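What follows is a short report on a single structure.
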Protein chains: 4
Amino acid sequence: MKAISKSQIKRDALVKATISLVNNNGFHATPMSKIAKMANVSPATIYLYFENKQDLVNQVYIEVKAEFSTYAFKDYDSEVDVETGFEKIWKNIANYKLKQVDQSLFLSQCDNTPMIDEESRQEGLKHLQPLLELWERGKNEGVIKPLSPYLLYAFTIYPISFLVNMENRNLCSIGKGELEKAYSTAWNSIKI
Amino acid sequence: MKAISKSQIKRDALVKATISLVNNNGFHATPMSKIAKMANVSPATIYLYFENKQDLVNQVYIEVKAEFSTYAFKDYDSEVDVETGFEKIWKNIANYKLKQVDQSLFLSQCDNTPMIDEESRQEGLKHLQPLLELWERGKNEGVIKPLSPYLLYAFTIYPISFLVNMENRNLCSIGKGELEKAYSTAWNSIKI
Amino acid sequence: MKAISKSQIKRDALVKATISLVNNNGFHATPMSKIAKMANVSPATIYLYFENKQDLVNQVYIEVKAEFSTYAFKDYDSEVDVETGFEKIWKNIANYKLKQVDQSLFLSQCDNTPMIDEESRQEGLKHLQPLLELWERGKNEGVIKPLSPYLLYAFTIYPISFLVNMENRNLCSIGKGELEKAYSTAWNSIKI
Amino acid sequence: MKAISKSQIKRDALVKATISLVNNNGFHATPMSKIAKMANVSPATIYLYFENKQDLVNQVYIEVKAEFSTYAFKDYDSEVDVETGFEKIWKNIANYKLKQVDQSLFLSQCDNTPMIDEESRQEGLKHLQPLLELWERGKNEGVIKPLSPYLLYAFTIYPISFLVNMENRNLCSIGKGELEKAYSTAWNSIKI
DNA sequence: AATGAATGAGTATTCATTCAT
DNA sequence: AATGAATGAATACTCATTCAT
């Protein structure tokens, strides 16, 4: 059993506060003082854990992205057949986005604004490798259309973000049925 | 032929400057003074045309969204058969996003951050009505799968944004061939 | 008659306030807010006239140094004989330092601390040229000892600062008699 | 032989670090944390040896001044004739300032800024007594002009600081010859 | 209509000092 | 004696907004 240090607890609180506040107000409308207050520390304390505001948000981004990727490939077996593997990953991602609403929203902002260093953004891209490999295999096996990974991603994974955003804004609701429909739409769009 | 007033010219310059600066720096990192400088007016002048910064960006959003919608349904005849109509609209949208890069980037930021009033956001949604009606007809005619408009949008229109973003960041390039592939993927995912 | 602009008045007030506060507290212990308050403007206004704190103090230094130099050579005729010329300049400098106490103190701090850019410091050195030329002539005429300008300065001009500092701290008083004695000591130390 | 305690070593390291950092950055631009780091102790440790930052710099000043005075009268015999005694002291002082560059620079800053308590400054003045007595004797013996100690100091000792400062800034170089010239200039200016 | 000057309210960041260990 | 973590109080600088002209 791992003992969690007091420091780690504070750092985690800061990360959490950052996500929440940036989600609600955006990067520049989130003062360090508010982050500190929400994490129950002094503003100066933030600077014990992060170099500055930019560094804070960069690190949060990288951590959330890593957590997301871990979740995306949970219980995924790269030996399994392509369709089964794709379904696993797709539903993992969908479930993550549906449950970890804050984290997803945060990533969504990071991916569409100039708030993250390009470097950190690149760092965050590394993690999807297994999915790319699965697609490659699917194309070789003649199960998946010969499309670039960008197209495959755009028509299967990216739409999830839209649906989740809509649900978060209470514009629609995604139950089990909807999710299943969404999945088969995704799969239909790329299977041969 | 309509004479364009001096006022209108200034307003247009302000709108243009806002789009450009917000794209590059984000809403909160874009000072009014810079917008003014780029539009060659005094900061005080902005307040003759807009109530305040929030109002400025709201209005810009609504205008860009309107322009976008107009383009989306250009040469679209609502009497035409469903597939033809869908292709027209889809390609209009894709072309707009590929050509009007600044505007698209701006909308992308607005749609993923808390920088726009919810009210203005609602305002911007109204414009897609003809597409929704087309889909409705398609479902009735048994040409399009019986999916909610959110799903249809998520898997056909929304992916375009991803592709265009990737192209703008020079991560991939979208030529005629790619566009055609993307279109048929979109159509495949919703046609029966 | 020259009209002094409102802007110039504000700038002057800022310069004056800077001198006074830096004298009493030192550069780093002088907040911009206090300078603003003493000059009866908002802190933000300082930045209309100066780029930042360093720029402010650099400019003040250069201006004071220029004022000092002007005074040093007031009514000085470079054609006059060496001893007369030297006496004129020496007494000008002494009088300036005795009367313009604030300015002198300020220069004294600037010359002995790392508070001024090296560039501005160089800028400030230019002004003593006529004195150097006088010394050169004096050496050629065999009236002044063949010493380097640094030595000449160290033993004739620099001592004035010490005396004035002592008077400012009320450790001694410099009346007419004292000044005359000081002058002849200075002249004695370099004349042949 | 005296054993130097571990405490004394740390204290010395702190004093040294303070001198070095204050020389390069000035009093207020020298954080306690940097002093601690340079002395290889924790910031908190400083407060075991000194009450606070002001106390630290005051004590450093007094110690350096004492070291300086000791050096100034090394091998000085108060029975010796006035000129010989003056030469001894003058050259001691000059040599100290030339060799102990850091200490001299530090004293120079202290003497020209409001960084030291007036009290500590007074404390530092006490040490020149033997020089004052020598001058008194010289005046009585008719060897030295009847000038106030302030004038004598201003025209013989104070100039050394200027020369050393110039050398430190690499604006001039002071070799044996220069030093000898400087000494005779000093003596000339006060001898009868 | 148009503006340049002015500013109050804020924000990121620093730092002397303390305290639990 | 020694420390690393923590912080409250400051401080330079920015910016949306106003106002006299």
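On a predicted model such as this, the values are computed, not experimentally measured, just so you know. In what follows, chains carry the letters A, B, and so on, assigned in the order in which the sequence lines appear, proteins first and then strands, with residues in each chain numbered from 1.
- Of the candidates E:dA12, E:dT3, F:dA16, the closest approach to any side-chain atom of B:M32 belongs to F:dA16.
- Between A:P43 and C:S33, the residue anchored closer to the 5' end of DNA chain F is A:P43, taking for each the nucleotide with the nearest heavy atom.
- Regarding D:E51, its CD atom lies at a distance of 14 Å from the C1' atom of E:dA16, rounded to whole Å.
- Cation-pi check for C:K53 over C:F27 is met; the charged atom lies under 6.0 angstrom from the ring centroid and within 45 degrees of its normal.
- For the pair C:K10 and E:dA6, the criterion of a side-chain N or O lying under 4.0 Å from OP1 or OP2 is met.
- The minimum heavy-atom distance linking A:F50 with A:V15 is given by the pair CZ-CG2, 4.3 Å.
- Using a 4.5 Å cut-off on side-chain heavy atoms (C-beta onward), B:K65 and B:C110 make no contact.
- Between the C1' atom of E:dA12 and the CZ atom of A:F27 lies a distance of 10 Å, rounded to the nearest Å.
- No donor-acceptor pair closer than 3.5 Å links the side chain of D:S20 to the backbone N or O of D:K16.
- The residue among A:Q54 and C:L48 whose nearest nucleotide of DNA chain E is located toward the 5' end is C:L48.
- Nucleotide E:dG10 holds its P atom 13 Å from the NE2 atom of B:H28, rounded to whole Å.
- Contact between the side-chain N/O atoms of D:K53 and the OP1/OP2 oxygens of E:dC15 is not found at any separation under 4.0 Å.
- If you check E:dT3 for Watson-Crick or wobble pairing at under 3.5 angstrom, you find it paired to F:dA20.
- Among E:dT18, F:dG8, E:dC15, the nucleotide with an atom closest to any side-chain atom of A:S42 is F:dG8.
- Residue order along DNA chain E, read from the 5' end via each residue's closest nucleotide, puts C:A44 first among C:A44 and A:T30.
- Listed nucleotides E:dT18, E:dT11, F:dA2 differ in distance to D:S7; the shortest reach to its side chain belongs to F:dA2.
- For the pair D:T45 and F:dT3, the criterion of a side-chain N or O lying under 4.0 Å from OP1 or OP2 is met.
- Nucleotide F:dC15 has E:dG8 as its partner under the Watson-Crick or G-U criteria, with both atom distances under 3.5 Å.
- Rounded to whole angstrom, the span from the OH atom of A:Y47 across to the P atom of F:dA5 amounts to 18 Å.
- Between the P atom of F:dT18 and the CZ atom of B:F50 lies a distance of 16 Å, rounded to the nearest Å.
- With E:dA16, E:dT3, F:dT7 as the choices, the nucleotide that has an atom nearest any side-chain atom of B:V41 turns out to be E:dT3.
- For the 3.5 Å distance criterion, the side chains of A:Y49 and A:D55 fail to qualify, holding no donor opposite an acceptor.
- The nearest whole Å value for the distance from the CD atom in A:Q8 to the P atom in F:dG4 is 20 Å.
- Place A:N40 and D:Y49 on DNA chain F by their nearest nucleotides, and D:Y49 ends up nearer the 5' end.
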